[in-house]
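Side-chain atoms are counted along with the backbone in the values below, which use heavy atoms only and exclude waters and symmetry mates.
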Amino acid sequence: MTAEIPPTLKVHPTDNIGVALSPLEAGVSAEGVHLLEPVHQGHKFALQDIAEGSLVVKYGQPIGRARKAIAAGAHVHTHNVATALVGELAYRPTDSASAVSTARIADEQPKWRGYLRDDGRAATRNEIWILPSVGCVALTAEQIAREASLRHGDLIAAGRIDGIHAFGHPHGCSQLGDDLGGTRAVLAGLACNPNAAGVLLLGLGCESNQLDALAQEVPEAARSKLRILSSQSAGDEIAAAGALIDELVAEASKALREELPLSALCVGLKCGGSDGFSGLTANPLLGRFCDTLTGAGGRAILTEIPEIFGAEEPLLERAVSRDVFDRAAALVNGFKRYYLDQGLPVSENPSPGNIAGGITTLEEKSLGAVQKAGRAPLCDVLAYGEQAVAAGLSLLESPGNDAVSSTALAASGATLVLFTTGRGTPLGFAVPCLKVASNEALAQAKPHWIDFDASLALREGRESADGAFLARILAFASGDRTAAERGGQRAIAIWKRGVTL
């Protein structure tokens with residue numbers, strides 16, 4: 001029998017605030033205090049008197065300081081709590097800093113059915129991708145994909161290939177230096193993703209992002225699956241591209257799914273449209289799966305660096321070496337400097353939707369967000385577009401924007417993205433995106449967006465939720481379509497950092 005969700009929660013024994021798991025009226029008793037005012041679902045209330053300037057604590061960590069005195073039972077939110085974040089910090093390993101080991105699974109790993117590629121990596125899909133080098137041919141790429149999908153509809157219906165997709169973007173020209181380099185790196189990373197059995201790099205001809213230079217960025221092991229076409233050099237570029245796609249389809253259709261261990265998976269960890277439940281249900285659910293996956297020898301990638309601010313030190317303490325610690329610390333400070341150089345505070349977050357859902361400060365958002373990585377050791381730090389090769393948890397350079405960071409995860413080798421959300425979003429990305437709702441209301445209201453309801457952990461317990469979630473992950477990895485895939489939601493976005501000529 002399904003249990004009812006309790007009305008409130010004190011997350012950590014040292015917290016001085018509680019969380020409303022359902023709407024609370026003024027005057028009711030909650031966690032030993034009488035509420036002085038109504039508290040919305042997902043929002044917080046004071047468990048004791050909190051003096052002006054004192055730390056407000058959730059998850060056992062500070063999430064900000066009291067703007068003014070807060071009485072026990074009062075609603076705690078942006079009106080009476082302010083961020084305590086500052087700029088760059090001098091991070092230093094502590095004597096207690098060490099990687100948190102996760103139990104390794106030696107035998108009888110959970111199994112899924114995927115495509116084993118020649119480079120030893122495994123794919124969850126067997127697709128043909130068309131990647132424009134420049135925005136000028138993005139619509140041409142979409143036309144080529146539509147026509148090829150019709151031409152090879154029988155093979156797609158039979159499951160011999162899983163689809164033909166074009167991923168347009170507006171970049172690749174009028175860019176300079178590192179900005180152009182970032183566009184080239186992420187496109188090259190996408191080109192070598194295992195889910196792309198074949199890739200057509202489609203250029204215009206006169207763009208800054210020249211096809212030869214782009215192809216050279218693709219790791220050598222993946223270049224055999226590339227076809228390259230410059231539209232200005234072809235007579236009928238549509239026909240020429242179609243012939244190249246036909247070659248790729250003929251080769252890709254030979255691949256067959258086979259049974260693979262959990263360790264063959266590489267997943268990206270992402271949250272978007274978070275609410276007050278995200279750090280209580282959905283992100284911890286991903287964290288427990290991350291521990292299982294990395295314990296089995298699989299790969300997990302964490303990104304959204306600005307949404308680590310305020311929670312970075314516990315993450316840094318899990319670095320497996322001083323080198324990894326230093327590179328991770330430099331990545332965090334580099335992002336802070338990126339904000340400061342634009343004249344912006346590092347705390348320019350949460351979003352209006354986050355605030356409406358009960359998140360007050362960036363520290364609170366970050367402490368909830370990093371739970372996606374569980375307690376796994378931090379094994380590597382990746383530049384934007386760099387491939388994840390180390391077993392375990394890697395930290396990837398990328399901002400928090402949903403489309404940009406999800407694209408970056410795919411470009412680093414993730415073949416499945418686990419995406420938590422408390423507010424909901426329909427958008428999907430280059431690789432299958434499993435949407436995890438933090439609350440039951442969202443899951444029930446948007447079944448065409450949501451693939452799993454993480455609030456199951458509150459109703460039936462963590463063990464039940466973890467087992468059901470693992471089963472869904474393995475099913476989606478084995479070919480079941482996510483809600484975003486069924487809705488035709490497939491897109492990429494590139495991190496644009498420099499001037500436009």
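Looking at every heavy atom in both residues, Val137 comes nearest to Ser231 through CG1-OG, 3.8 Å. Scanning all heavy atoms of the two residues, the minimum distance from Leu434 to Phe452 falls at CD2-CB, 4.3 Å. Taking every heavy atom of both residues into account, Leu226 and Ala191 meet most closely at CD2-CB, 4.1 Å. Pairing each heavy atom of Ala141 with each of Ala166, the nearest pair is O-CB, 3.3 Å. In terms of heavy-atom proximity, Ser398 sits nearest to Pro306 at O-CD, 3.8 Å.
Looking at residues two or more places apart in sequence or on another chain, you find no salt bridge (Lys or Arg N to Asp or Glu O under 4.0 Å) involving Glu237. Evaluation of the side chain to side chain donor-acceptor pair (under 3.5 Å) rule for Arg125 yields Glu485 as partners, not counting sequence neighbours. For Asp118, there are no salt bridge (Lys or Arg N to Asp or Glu O under 4.0 Å) partners at least two apart in sequence or on another chain. Remark: Ser149 engages Ile156, Ile164 in a side chain to side chain contact (heavy atoms under 4.5 Å, CB included) (not counting sequence neighbours). Applying the side chain to side chain donor-acceptor pair (under 3.5 Å) rule to Ser478 yields no partners; only residues at least two apart in sequence or on another chain are considered. Residues satisfying the side chain to side chain contact (heavy atoms under 4.5 Å, CB included) test with Ala383, not counting sequence neighbours, are Glu386, Glu397. In this structure, the side chain to side chain contact (heavy atoms under 4.5 Å, CB included) partners of Gln175, at least two apart in sequence or on a different chain, are His171, Asp179, Leu180, Thr183, Lys496. Residues passing the salt bridge (Lys or Arg N to Asp or Glu O under 4.0 Å) test with Asp453, sequence neighbours excluded: Arg459.
Under 3.5 Å, the side chains of Asn193 and Thr415 contain no donor-acceptor pair of N or O atoms. A side-chain N or O of Ser438 and one of Asp275 form a donor-acceptor pair less than 3.5 Å apart. No hydrogens or angles considered: nothing links the side chains of Thr482 and Asp451 as a donor-acceptor pair under 3.5 Å.
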Test salt bridge (charged side-chain N to carboxylate O under 4.0 Å, His left out) applied to Arg490 and Glu127, step by step = CA-CA 13 Å; Arg490 301 287 293 271; Glu127 297 178 334; 2.9 Å; yes

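Classification of the Tyr384-Trp495 ring pair by plane angle, with boundaries at 30° and 60°, yields perpendicular.
Counting heavy atoms from C-beta on, the side chains of Ile301 and Cys266 come closer than 4.5 Å. A 4.5 Å side-chain heavy-atom check between Glu307 and Asn349 finds at least one atom pair inside the cut-off. A 4.5 Å side-chain heavy-atom check between Leu395 and Ile308 finds at least one atom pair inside the cut-off. Ile473 is not listed as a side-chain neighbour of Trp112, based on a closest heavy-atom distance of 4.5 Å or more. The shortest distance between side-chain heavy atoms of Gln109 and Ser263 falls below 4.5 Å. Contact check for Leu286 versus Phe469: side-chain heavy atoms found under the 4.5 Å cut-off.
Sequence neighbours left out, the pairs with a member in residues 211-229 that pass side chain to side chain donor-acceptor pair (under 3.5 Å) are Arg227-Glu247. Screening residues 398-427 for salt bridge (Lys or Arg N to Asp or Glu O under 4.0 Å) gives Lys270-Asp402 as the qualifying pairs, with residues at least two apart or on separate chains. Residue pairs that meet the salt bridge (Lys or Arg N to Asp or Glu O under 4.0 Å) test with at least one member in residues 130-156, sequence neighbours left out, are Arg151-Asp246.
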Can you list, pair by pair, the side-chain donor-acceptor contacts under 3.5 Å of residues 327-334, counting residues two or more places apart and other chains?
{"residue": "Arg327", "atom": "NE", "partner": "Asp323", "partner atom": "OD2", "Å": "3.1"}
{"residue": "Arg327", "atom": "NH1", "partner": "Asp380", "partner atom": "OD1", "Å": "3.3"}
{"residue": "Arg327", "atom": "NH1", "partner": "Val381", "partner atom": "O", "Å": "3.0"}
{"residue": "Arg327", "atom": "NH2", "partner": "Asp323", "partner atom": "OD2", "Å": "3.3"}
{"residue": "Arg327", "atom": "NH2", "partner": "Asp380", "partner atom": "OD1", "Å": "3.2"}
{"residue": "Asn333", "atom": "OD1", "partner": "Leu89", "partner atom": "N", "Å": "3.1"}
{"residue": "Asn333", "atom": "ND2", "partner": "Leu89", "partner atom": "O", "Å": "2.7"}

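Distance check, rounded to the nearest 0.5 Å: CG of Asn195 to CD1 of Ile128 gives 11.5 Å. We find the CZ-SG distance between Arg375 and Cys290 to be 12.0 Å, quoted to the nearest 0.5 Å. Here Gln143 contributes atom CD and Ile238 contributes atom CD1; the two are 4.0 Å apart, rounded to the nearest 0.5 Å. Note that the CD1 atom of Ile305 and the CD atom of Glu312 stand 10.0 Å from one another [nearest 0.5 Å].
A donor-acceptor pair is defined here as one N or O able to donate and one able to accept, closer than 3.5 Å; no such pair exists between the side chain of Asn354 and the backbone of Ile359. In this structure, Arg462 contributes its side chain and Ala457 its backbone to no donor-acceptor pair below 3.5 Å.
Note on Lys365 versus Glu304: no salt bridge recorded, every NZ/NE/NH1/NH2 to OD/OE distance being 4.0 Å or above. Electrostatic pairing of Arg337 and Asp341 counts as a salt bridge here, judged by a charged N lying under 4.0 Å from a carboxylate O. A salt bridge links Arg257 with Asp162: the distance from a Lys NZ or Arg NE/NH1/NH2 to an Asp or Glu carboxylate oxygen falls below 4.0 Å. Arg121 has a carboxylate O that lies under 4.0 Å from a charged side-chain N of Asp119, or vice versa, which qualifies the two as a salt bridge.
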